[in-house]
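Below you'll find the structure, written out as structure tokens, and then a few comments.
Side-chain atoms are counted along with the backbone in the values below, which use heavy atoms only and exclude waters and symmetry mates. All values derive from a computational prediction rather than experimental measurement.
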Amino acid sequence: MMQGSPPASASLEQLPLTQLKGVGPALVEKLNTLGISTVLDLLFHLPLRYQDRTRLTPIGALRHGSDVVIEGVIAGCAVMLGKRRSLLVKVQDGTGLTNLRFFHFSNAQKNALTTGSRIRCFGEARWGKGGLELNHPEYQLLQEAMPLPLAMHLTPVYPATEGLQQTRLRKLLEQVLEKLQSSGALPDYLPAVLCRQERFIGLLEALQLLHQPPPDISLHHLEHGQHPAQIRLVFEELLANYLSLRRLRDEAQSQAAPALQHHTNLQQRLLQSLPFELTAAQLRVSREIANDLAKPLPMLRLVQGDVGSGKTLVAVLAALQAVESGYQAALMAPTEILAEQHFLNLDQWLTPLGVELGFLSGKIKGKKRQQVLHDLAGGKIQVMVGTHALFQEEVQFGLLGLVIVDEQHRFGVHQRLTLREKGKHAGTWPHQLIMTATPIPRTLTMSAYADLDCSIIDELPPGRTPVNTVLISAQRRGDVVERISTACKHGRQAYWVCTLIEESETLQCQAAEATFADLQQALPDVRIGLIHGRMKPKQKAEIMAAFKAGSLQLLVATTVIEVGVDVPNASVMVIENPERLGLSQLHQLRGRVGRGSQESHCLLLYQTPLSEAGKLRLGIMRESNDGFYIAEKDLEIRGPGEILGTRQTGLMAFRIADLTRDSYLQPKVKLWAEKIRAQQPELVEPLIKRWLANAEQYGNV
Ligand code: ADP
Ligand code: MG
């Protein structure tokens, strides 16, 4: 065993697939669609589940729904004419009699299944017309003189693709494992001391076990990812992931960044103009940021804080530090609406201080766009607000010192990295501040953000009243409309949020339009506005301004208002079909109310019947106002892709690890990763290469 040794030069894991027997271009193409392009990928292509073909089940002991091997004598074979023509074969083994049923069969097939022949079948037993039957089993006729051995180990069932049979995949893996056994060309990069202390089995042994498990293996453990062989591989994968993020960080830290002097003139003037004091948490986090910015190394800091904890102000204070040192700051938001909101806020706060603001989104075109680009490149604009349009090729900054990304989880890891590239100029990198509105569970932070320092604003501004959340079935929609009417009569303002399961923005907007029309009918005395993503920026800004000013009382919206919208007098929110949204998203939405001093209500107007899972989820919303708690639950229920916003990008797609199931390993992973970095840094590269070679951008940006 070559534990902890550097990579062998011609190790088998680097081999192209075509080096395997029987693999030509057509097969390679099919394997590619499964994400398999090397022999190593094939090795890591683990079974989804297993079949037990290692023992015979007596026919008398068949149970519905189980995969079984049976062996017996054919007691009859006949074509049945019914709704669907089928071939029925009776098989008995001394303990009982069962039917094999084939809906597709040839005459030759039928003729070969003669009464008295011995047959062995594999298939799933299911209740049929004549008791338990096997539909379309795999079968083999047996010759008396040539006994057929049973499988030695469990039979793997792999993720497959059209035109690529299980048997083909099984044969390929048998070939690979055999080669590896004889050549020993799969170096094990985990340090021997780690394997000893954690009682890990070897890499090859683990792979062998999972591809060809012995009959007595615990299927229960396998199904839950708790078999030592799985844990060993998961650990190595998480380790490689962590190491790659840490390496990214090292790379960033080896770059220069402008040291932004901590003059506090502008900051003081802003704070004096506000009607409130910073919370202790805001102050602490601001200091952490200020210290980072003053260093000649690029800051990489993640600020987490629950909805309404005042992250924007913290970000703006950082931007002022850049401005006062003669640099530009950019604030990037994930949606048009949020970017506009930020712009309006910043305009209020910064324009009186004489700070020049700019705004850019995809919808700003023509002359206006040219002007903005010109002012930005020339350095006239000091703080630039926008959507990811800010990071297009044509956008040039004069002297960018700080990049602030709001609501990072919607950008995903990938964009974070390209963004860093974008801000690079004249050999220095800008500082980076990342703010997430969705609190991220700690173990997930370790997997996804190990390249960042982390600050938490763990306090809400004083005087906030927790939102009272109630669940109401859609049948009582009338009551809800009544409540809105009363609230508006009392001078309150409300949101009505329409959701749809479809990703389509058009459909969402149509739903909002329909609801808007309904509510206008039902509430003729209430001044109602409508806002959705398909409206022109100017139109949206006007609606938001009217709502903020109180001239609109009820705002019908799609989930575009999820993030960032800030109207303290709005104290009621109705969310339609909340069962369709993730918990973190609901929490975000709900965070739009409860910003003022009066008691706030969130009415979750769900469709009946509500599934058990739906009840559980909405129950969590009713119970808790704590974003971190809700995020933990969201992680349990929906998995990390949703929370990190990487579901589509696939970047956090692990081969074997499952961040929900396996996050308990993370603290240990971190510990060992740091040890390896310090004591055996030569292992870092091969580990990353082995596990993340496919996500090239990931490691090399
Ligand atoms: P989030 O963290 O969700 O982005 P915001 O930055 O939008 O929160 O802040 C929410 C609201 O709280 C805004 O109206 C903001 O002006 C206000 N705010 C921020 N800090 C304080 C504070 N220390 N005291 C009172 N209100 C504050
Ligand atoms: Mg915010």
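Side-chain contact annotation: H262 with E324, donor-acceptor N/O pair under 3.5 Å absent. Between the side chains of E237 and N241, no donor N or O sits under 3.5 Å from an acceptor N or O. Between the side chains of D406 and H342, at least one donor-acceptor pair of N or O atoms lies under 3.5 Å. Between the side chains of T279 and Q282, at least one donor N or O lies within less than 3.5 Å of an accepting N or O.
Here the side chain of T351 pairs no donor or acceptor atom with the backbone of Q348 at under 3.5 angstrom. Of the possible donor and acceptor atoms, one in the side chain of T38 sits under 3.5 Å from a partner among the backbone N and O of L40. When atom types are taken as modelled, the side chain of Q328 and the backbone of L376 share a donor-acceptor pair closer than 3.5 angstrom. Looking at Q321, its side chain does come within 3.5 Å of a backbone N or O of A290 through a donor-acceptor pair. Between the side chain of S361 and the backbone N or O of T387, no donor-acceptor pair lies under 3.5 Å. Under a 3.5 Å cut-off, the side chain of R464 and the backbone N or O of G308 do form a donor-acceptor pair. A donor-acceptor pair is defined here as one N or O able to donate and one able to accept, closer than 3.5 Å; such a pair exists between the side chain of D41 and the backbone of S37.
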Mind running side chain to side chain donor-acceptor pair (under 3.5 Å) on E674 and Y242 for me, showing each step along the way?
-> CA-CA 9 Å; E674 296 302 340; Y242 184 90; 2.9 Å; yes
Report the C-alpha separation of V355 and W349 in whole Å, then their side-chain angles, then the decisive distance to 0.1 Å, and conclude whether the side chain to side chain contact (heavy atoms under 4.5 Å, CB included) test is met.
-> CA-CA 9 Å; V355 174; W349 287 345; over 6 Å; no
Check the pair S455 / E288 against side chain to side chain donor-acceptor pair (under 3.5 Å), numbers first and verdict last.
-> CA-CA 8 Å; S455 298; E288 286 166 359; 2.5 Å; yes
Test side chain to side chain contact (heavy atoms under 4.5 Å, CB included) applied to T312 and Q341, step by step = CA-CA 11 Å; T312 318; Q341 280 281 305; over 6 Å; no
Go through the steps for L583 and Y629 under the test side chain to side chain contact (heavy atoms under 4.5 Å, CB included), then give the verdict.
-> CA-CA 10 Å; L583 291 183; Y629 172 79; over 6 Å; no
Kindly determine whether M384 and L360 satisfy side chain to side chain contact (heavy atoms under 4.5 Å, CB included), including the steps that lead there.
-> CA-CA 8 Å; M384 187 68 190; L360 191 72; 3.4 Å; yes
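Atom CZ of R287 has 12 or fewer heavy atoms from other residues, nucleotides or ligands within 6.0 Å. The number of heavy atoms from other shown groups lying within 6.0 Å of NZ (K363) is above 12. Crowding of E277 atom CD: a count of heavy atoms from other residues, nucleotides or ligands under 6.0 Å not exceeding 12. More than 12 heavy atoms of other residues, nucleotides or ligands sit less than 6.0 Å from atom NE2 of H263.
Looking at Q432 and P298, their side chains never come closer than 4.5 Å, going by heavy atoms from C-beta outward. Put simply, the side chain of Y495 does not reach to within 4.5 Å of the side chain of L589, judged on heavy atoms. Using a 4.5 Å cut-off on side-chain heavy atoms (C-beta onward), E236 and L190 make contact. With contacts defined as side-chain heavy-atom distances shorter than 4.5 Å, the pair R284/D458 qualifies. Residues L390 and F359 form no side-chain contact, since every pair of their non-hydrogen atoms from C-beta on lies 4.5 Å or further apart. When side chains are defined from C-beta on, L243 does not count as touching E685, because their heavy atoms never get closer than 4.5 Å. Side-chain contact between Q255 and T428 is absent, with no heavy-atom pair separated by less than 4.5 Å. With contacts defined as side-chain heavy-atom distances shorter than 4.5 Å, the pair L433/I289 qualifies.
Of the charged side-chain nitrogens involved, none lies within less than 4.0 Å of a carboxylate oxygen, so that E336 and K540 do not count as a salt-bridged pair. Taking the charged nitrogens against the carboxylate oxygens, K311 and D306 have no contact shorter than 4.0 Å, which rules out a salt bridge.
Going from atom OH of Y189 over to atom CD of E682 covers 11.5 Å, rounded to the nearest 0.5 Å. Between the CD1 atom in I688 and the CG atom in L239 there is a gap of 9.0 Å [rounded to 0.5 Å]. Taking CD of E394 as the reference point, atom CD of Q370 lies at 7.0 Å (rounded to 0.5 Å). The structure places CG of L194 at 5.0 Å from CZ of F235, a figure rounded to the nearest 0.5 Å.
The nearest pair of heavy atoms linking A657 to L238 is CB-CD2, 3.9 Å. Contact record, L530 with A512: CD1-O, 3.7 Å, taken as the closest heavy-atom pair. The shortest non-hydrogen separation linking R590 to M621 is NH1-O, 2.6 Å. For the residue pair Q267 and L317, the shortest heavy atom distance occurs at NE2-O, 2.8 Å. The heavy-atom pair separating L260 from H431 by the smallest distance is CD1-CD2, 3.7 Å.
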